[in-house]
2 protein chains.
Amino acid sequence: MDFKKARILRSKSLADQVAEFISGQITRGAFLAGDVLPSETVLAGEFGVSRTVIREALARLKYDGLLESQKRTGAVILDHSERRTFRLDEIDIENKDDLGRLYEFRGILEKDIAALAAERHSESQMSRLSDALLGMERAIDEGSDGSAEDLAFHRILAEAARNSYLADFLKYLDRKIWVVIHDTRRSFPMDPELARLVLDEHREVYEAVAGCDAEKARSTMLRHIRCSACRQGVLTVHQTVLKG
Amino acid sequence: MDFKKARILRSKSLADQVAEFISGQITRGAFLAGDVLPSETVLAGEFGVSRTVIREALARLKYDGLLESQKRTGAVILDHSERRTFRLDEIDIENKDDLGRLYEFRGILEKDIAALAAERHSESQMSRLSDALLGMERAIDEGSDGSAEDLAFHRILAEAARNSYLADFLKYLDRKIWVVIHDTRRSFPMDPELARLVLDEHREVYEAVAGCDAEKARSTMLRHIRCSACRQGVLTVHQTVLKG
DNA sequence: ATTAAAATTCTTGTCAGACAAGAGAAACCG
DNA sequence: CGGTTTCTCTTGTCTGACAAGAATTTTAAT
């Protein structure tokens, strides 16, 4: 692999660019698991940067589980199974298709989270859910849109599903979506009437969960997500997901 | 925040430890979005390490979207919505509960992926799925267990669902699970009879997808995942998920 | 006094050079 | 030929240095 080809542009930091280039090479399959990278000094020479920069770049790749470095040997490429991170980068918030796929993903997760929550919730979780609903109502009365309570509702529900992996991931996914929602609501504030409709959607989910009715929890949550997607102008969430 | 409390142990690299400590502080809420960290020089002093180490630690946190650094200002804490990575670290492969949660997660995703694939697949994707099945059969005849083809089947199916976020994430999740499966099969190779049963499970999914029957695709895939979990000795996948 | 311009001062980004520790490779010795 | 010692390479860490950029302060001008 000839690293000299990587002529570097000045915009991101050098370490950024080197990391991007090398990780690109690795994911593109230019190296196999077990291969070793040239030594830091050599890389520094080939990229025409200092060893400091190379080290910072490699540090990231190690952190991501792409590399592992041993003294005397150098940095060895790890197997894919060692990869430590999942990134939802380069999503184009403006792109309705991307947002649609994100909503589809969210729907798939949240409908089953609601179903699980219906069967696994504790009493204290239910009372916190109820509090979130009350808070949302109060917020709407006071003229706000209750986003904070909305988000809290979903977080508590995820907790009630008692699968930390699910909950953690939903949190990550939600962050991406909430940026958009927040943005939309800033430009086009919801009128109280609509806000009340949203509140009702949450109430339906709550009732289903409180009644330990997994199927109903699933379907009401799905409707809620679908409506939420519509409110964001996303129409592509597929029927299949919306049905089941 | 008093960084001096972070007395550092010699095992991981210093940068590792510093990064861990600071990121812990941040996720634990010791800093709010917009706060700025002390300058690298100051941090170096407080941690009792060189600036090099601090820089490498901060580089990772920046990469993860926890920080952003500006000249003259320093490193500012970013909002949670900026976080760029999801990690499924510290899963205890040995722990059947953790593995159960992972399987639960996988079931939730794959059943809907199968349903979507039933509605969105292209002809070429179906022929590749079919090839995977044939390959699996051949592999079993030759005495292997057909893991590679098994994995390929799931990957192609995910592609057929036409939601890249879903597919990418499933890939990530699967890696974690396949490490375990691979391990199990090395210790306790599947006998051909069982392998054929697994093959049949895949065939059922294939038929449903080929027939564009989303509901059937969902249920057959779910049964497959459930059986797979059982074969790994995981019994905790919850009824709710298994039903719908 | 108010505003615009210039000098100052931090902080990050990058570089260069240094050395210890560990691990493999090579040389040496029995 | 096998085992031990020495050598050498690479990473991990430290130090000191300087440019560039941005905020702050000072200075100058109206």
Side-chain angles (χ1 to χ4, degrees), chain A residues 1 3-4 6-23 26 31 33-78 82, chain B residues 1 3-4 6-23 26 31 33-78 82:
Chain A
M1 186 47 44
F3 286 106
K4 278 173 194 154
R7 270 290 139 253
I8 278 171
L9 304 158
R10 286 258 161 184
S11 56
K12 298 182 173 187
S13 82
L14 292 176
D16 277 335
Q17 299 168 53
V18 172
E20 207 169 296
F21 183 81
I22 297 182
S23 99
I26 295 175
F31 295 98
D35 288 358
V36 304
L37 244 49
S39 79
E40 294 171 355
T41 319
V42 173
L43 286 174
E46 294 191 340
F47 277 104
V49 298
S50 74
R51 205 186 137 208
T52 314
V53 170
I54 299 293
R55 278 195 63 79
E56 258 179 45
L58 294 186
R60 297 172 185 191
L61 304 186
K62 285 176 214 164
Y63 193 42
D64 267 10
L66 268 65
L67 301 174
E68 190 174 56
S69 54
Q70 302 164 1
K71 290 189 175 174
R72 164 82 209 206
T73 314
V76 304
I77 312 290
L78 291 179
E82 295 296 325
Chain B
M1 187 45 46
F3 287 104
K4 278 173 194 153
R7 269 290 139 253
I8 279 171
L9 304 158
R10 287 258 162 182
S11 56
K12 297 182 174 186
S13 81
L14 293 177
D16 276 336
Q17 299 169 52
V18 172
E20 206 170 297
F21 184 82
I22 297 182
S23 99
I26 294 175
F31 296 99
D35 288 359
V36 303
L37 243 49
S39 80
E40 294 172 352
T41 319
V42 173
L43 286 174
E46 294 191 341
F47 277 104
V49 298
S50 75
R51 203 186 138 210
T52 313
V53 170
I54 299 294
R55 280 195 61 79
E56 257 179 47
L58 294 186
R60 297 171 184 192
L61 305 187
K62 285 176 214 165
Y63 193 43
D64 267 10
L66 268 64
L67 300 175
E68 191 175 55
S69 54
Q70 301 163 3
K71 291 189 175 175
R72 164 80 210 209
T73 313
V76 304
I77 312 291
L78 291 179
E82 296 296 324

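Here the structure is a predicted model, which means the values were calculated and not measured. Below, read A as the first sequence line, B as the second, and so on, with proteins coming before strands; counting in each chain starts at 1.
- DNA chain C is contacted by both B:T41 and B:T52; B:T41 maps to the nucleotide lying nearer its 5′ end (nearest heavy atom per residue).
- Following rounding to the nearest Å, B:L14 (CG) and C:dA21 (C1') show an atom-to-atom distance of 13 Å.
- Here A:R55 reaches the OP1 or OP2 of D:dG12: one of its side-chain N or O atoms lies under 4.0 Å away.
- Put simply, the side chain of B:L67 does not reach to within 4.5 Å of the side chain of B:L78, judged on heavy atoms.
- With a 4.5 Å cut-off on side-chain heavy atoms, A:V18 and A:L43 do not count as touching.
- Comparing atom distances between the A:E40 side chain and each of D:dT11, D:dT13, C:dT14 picks out D:dT11 as nearest.
- Atom CD of A:E20 and atom CG of A:L61 lie 11.0 Å apart (nearest 0.5 Å).
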Response to the item:
Per-residue pairing states of DNA chain D in dot-bracket (Watson-Crick or G-U under 3.5 Å; . unpaired, | other strand) read ||||||||||||||||||||||||||||||
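- Contact check for B:R60 versus B:D16: side-chain heavy atoms found under the 4.5 Å cut-off.
- The CG atom of B:L43 sits 14 Å away from the P atom of D:dC14 (whole-angstrom rounding).
- Under the 4.5 Å side-chain criterion, counting only non-hydrogen atoms from C-beta, B:L66 is in contact with B:S23.
- Of all the residues in residues 63-74 of chain A, A:K71, A:R72 reach under 4.0 Å from DNA chain C with at least one non-hydrogen atom.
- The closest side-chain heavy-atom distance from B:D35 to B:V76 is not below 4.5 Å.
- Here the side chains of A:F31 and A:L37 are in contact, with some heavy-atom distance below 4.5 Å.
- Here the C1' atom of nucleotide D:dT11 and the CG atom of A:L58 are 10 Å apart, to the nearest Å.
- Shown here for A:A44 and A:S50, the closest heavy-atom pair between the two residues is CB-C, 3.9 Å.
- Rounding to whole angstrom units, CD of residue A:Q17 and C1' of C:dT14 are separated by 13 Å.
- In this structure, A:L61 atom CG and D:dT11 atom C1' are separated by 16 Å, rounded to whole Å.
- Residue-level contact check: B:S39 touches the backbone only, with heavy atoms under 4.0 Å from sugar-phosphate atoms and none from bases.
- Residues A:F47 and A:I54 form a side-chain contact, since some pair of their non-hydrogen atoms from C-beta on lies under 4.5 Å apart.
- Side chain of A:R51, nearest nucleotide from D:dC14, D:dG12, C:dT14: D:dG12.
- For B:V53, the side-chain atoms get nearest to D:dT13 when compared with the rest of D:dT10, C:dC15, D:dT13.
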